[in-house]
Amino acid sequence: MRKILIAAASLAALCAAQRLDACTNIIVTPGASADGSAMVSYAADSHTLFGDLRFRPAGRFGKGERLDIIEWDTYKPLGSITQAAYTYQTVGNQNQYQLTIAETTWGGRLELMDPAGIMDYGSLIYVTLQRARTAREAIRTIVALANEYGYPSEGETFSIADPQEVWIMDLIGKGPDNKGIVWVARRIPDGYVCAHANQARIRTFPLDDPETLYAPDVISFAREKGYFSGSDEEFSFREAYCPLDFGTVRGCDARVWSAFNILCDGKFTYEKDGEEVTADSYDWINYAMGYDLSDELPLWVKPERRITVKDVADVMRDHFEGTPMDMTLDIGAGGNALPYRWRPMDFEWEGKMYCNERAIATQQTGFWFVAQSRGNLPDEIGALQWFGCDDAATSYLTPIYTNTRKVPECLREGNGNILEYSPTSQFWICNRVANACYKMYNQMAPYVRVEVDKFENDQIFNKVPQVDSMLLSVFNGRNGKHPGRRSAVRRVINGITNYTVSTAQTQFYSWVKLEETLLVKFIDGNVKAQNPDGSFKHTEHFKGMPDSLTQPGYTDKWKEAVVKDHGSVIEER
């Protein structure tokens, strides 16, 4: 297996890095994107999380009404808070005004958790989306909610984006005796990309910069707790509240390095001492692998090319391919180059502890998305997320306009759960396709990827731009049919609803058909040839008899390992 040999002292930290809710975010500013949109990607990775799409229409509420807070990933009731007078529509992790919030959990100093708190990290996201319209307003809302009602979760990093600004925010609680959070948020400079993966990312920060916001006691509280003793200018949020070690780097920051490496084509342009400098991404490979923690990754980097939605989606499918941590190359990948290792991640052998890699793409993803805040379009059209379920490497993203009146049946809350199979659920069909691929990965996954790319490229570069253009004409009254504002908006909402639902459902049915094709094509380790139209080749005598059947066998690494392990028995005489 692709393994890490670790000292016993580092094991606990490394296992914490391989947490159940280990997630990955990539953040792209408008100036770094190909279409001028702000983008946030998120993989909600959990062995117990189901993939569906939360839909909450806008609402108005009377004085004194309460909102029950249910911990979003456990369903545990935490209490209630005062309901807002009005709320905005949210679909998943985006609201009707193009505000997007995503997260990754990093734990940090666990003594700072407040078991009596009400606003867990998931509820902070979803309640804030109902109450805030901009990234800065979201930061203020998160802080106000956590400080008023208490914060029971571990340390978190939030990605917060609106059409103009993109922010990264690190926060952690203050313990059972101190309600609220300490935090710092930084606006990512336009033209740059950022990422985080279950490790606090903000270190030192300017104390008098309007593009940096922080809790007034973020430094003094660290001093009180004995986490920091230097000057204010030397204060590092990450070092105080989530110190680095081998495990948090190899299990977490390695994913950030890989995302930067791909998006920046191997060259990191970043800020150093007030100037932009460029260096080879492999200058940080020893850091990413946890061997040298002295030269940390930049907080953000500047790509030389403009980044598309497809670029970000494909980075979310990464398994460290082409790097020293490539999960497809060692014997742990089996005979068919499977880039996954079943949990637990750590194991003991002959008195030593080992742990496998944790890549961006992983088998236990509940749902994932790339959300766009598109400032060149009105909110009704501009709020868009590309949404998928299960393992990103073998699943597709379907376009979801956030101002839709309803979500597709295949993504509806209540259509199945992690213990209840539903034949009409996108989560379950994507799991069926993925789990089929795991048995013969180097043969089946590329076949599936062709279908993924075909759908996503058509939607991203052709169909959605066409729909946007058509809807914008209606919105601006250029079609001459509905000059009234309300009528135009109504037609736009109807249009995005129809497109969202029909596209998702059509692609769902195509994935049902794909799984059937995989079964027929790859049954029992045989591979049946197909014609250009997708039909299977057959002999001239019978349409039910395959022609050009192949049996691809196993990788050379697997053959070598088997011969070393058992060659004396199986060698031909």
Does the side chain of Thr87 pick up a donor-acceptor pair with the side chain of Gln130 at under 3.5 Å?
no
Does the distance from a Lys or Arg side-chain N to an Asp or Glu carboxylate O, for Glu234 and Arg203, drop under 4.0 Å?
no
Pairing of Glu211 and Arg187 as salt bridge, 4.0 angstrom limit:
yes
Are Trp300 and Pro189 side-chain neighbours, meaning at least one heavy-atom pair lies under 4.5 Å?
yes
On a heavy-atom basis, the closest approach of Gly155 and Ile172 is CA-CG1, 3.9 Å
Glu296/Arg238 salt bridge by N-O under 4.0 Å criterion
yes
CH2 (Trp342) with more than 12 external heavy atoms under 6.0 Å
yes
Do the ring planes of Phe50 and Phe427 sit parallel (below 30°), tilted (30 to 60°) or perpendicular (above 60°)?
tilted
Considering residues, nucleotides and ligands other than Tyr86, do more than 12 of their heavy atoms fall under 6.0 Å from its OH?
no
Measuring only between side-chain heavy atoms, which start at C-beta, is Asn147 closer than 4.5 Å to Lys179?
no
For Tyr287 and Leu297, which heavy atoms make the closest approach, and how far apart are they?
CE2-CG, 3.7 Å
What's the shortest heavy-atom distance between Thr394 and Ala434, and which atoms?
OG1-CB, 3.3 Å
Taking the six-membered ring for Trp, are Phe246 and Tyr291 parallel (under 30°), tilted (30 to 60°) or perpendicular (over 60°)?
parallel
For a quick check under 3.5 Å, do Asp391 and Tyr340 share a side-chain donor-acceptor pair by atom type?
yes
Just wondering, do Leu411 and Ile400 contact through their side chains at under 4.5 Å, heavy atoms?
yes
Keeping Asp326 on the side-chain end and Gly322 on the backbone end, is there a donor-acceptor pair under 3.5 Å?
yes
Salt-bridge present (Lys225, Glu111; N to O < 4.0 Å):
no
Could you check if a side-chain atom of Thr157 sits within less than 4.5 angstrom of a side-chain atom of Ile168, using non-hydrogen atoms only?
yes
Does the ring centre of Phe158 sit less than 6.0 Å away from the ring centre of Trp183?
no
Taking C-beta and beyond as the side chain, do Val218 and Phe237 meet within less than 4.5 Å on heavy atoms?
yes
Which residue is it: Thr362, Asn198, Asp318? I am looking for the one with a side chain to side chain donor-acceptor pair (under 3.5 Å) to Arg255.
Asn198
Strictly by modelled atom types, are Ser220 and Asp217 linked by a side-chain donor-acceptor pair under 3.5 Å?
no
CA sep, side-chain torsions, deciding dist, call: Arg109, Glu154, salt bridge (charged side-chain N to carboxylate O under 4.0 Å, His left out)
CA-CA 8 Å; Arg109 299 187 183 276; Glu154 303 168 55; over 6 Å; no
Is it true that Arg131 and Thr141 share a donor-acceptor pair across their side chains at a distance under 3.5 Å?
no
Would Glu103 and Ser159 satisfy side-chain contact (heavy atoms from CB on, under 4.5 Å), going step by step from the backbone distance to the final call?
CA-CA 6 Å; Glu103 60 77 34; Ser159 304; over 6 Å; no
On a heavy-atom basis, the closest approach of Ala43 and Trp368 is CA-CB, 3.9 Å
So does Glu165 pair up with Arg136, basic N to acidic O under 4.0 Å?
yes
Would you mind checking if Lys174 and Glu224 are paired as a salt bridge, meaning a charged N to carboxylate O distance below 4.0 Å?
no
Drop me the distance from Phe367's CZ to Asp45's CG, to the nearest 0.5 angstrom.
9.5 Å
Using distance alone, with no hydrogens and no angle criterion, decide if His319 and Thr328 have a side-chain donor and acceptor under 3.5 Å apart.
no
Atom CD of Glu276 with >12 non-hydrogen neighbours under 6.0 angstrom:
yes
Carboxylate-amine/guanidinium proximity below 4.0 Å for Asp265 and Arg305:
yes
Is it true that Arg374 and Asp379 have a side-chain N and a carboxylate O under 4.0 angstrom from each other?
no
For the residue pair Phe260 and Phe268, categorise the inter-ring angle as parallel (less than 30°), tilted (30 to 60°) or perpendicular (more than 60°).
perpendicular
Looking at Tyr126 versus Trp72, is the centre-to-centre ring distance below 6.0 Å?
yes
Shortest non-hydrogen contact from Leu124 to Ala146?
CD2-N, 4.1 Å
Arg341 bridged to Asp330 by N-O distance under 4.0 Å:
yes
Could you check whether the rings of Tyr241 and Phe221 sit parallel, tilted or perpendicular, using 30° and 60° as the cut-offs?
parallel
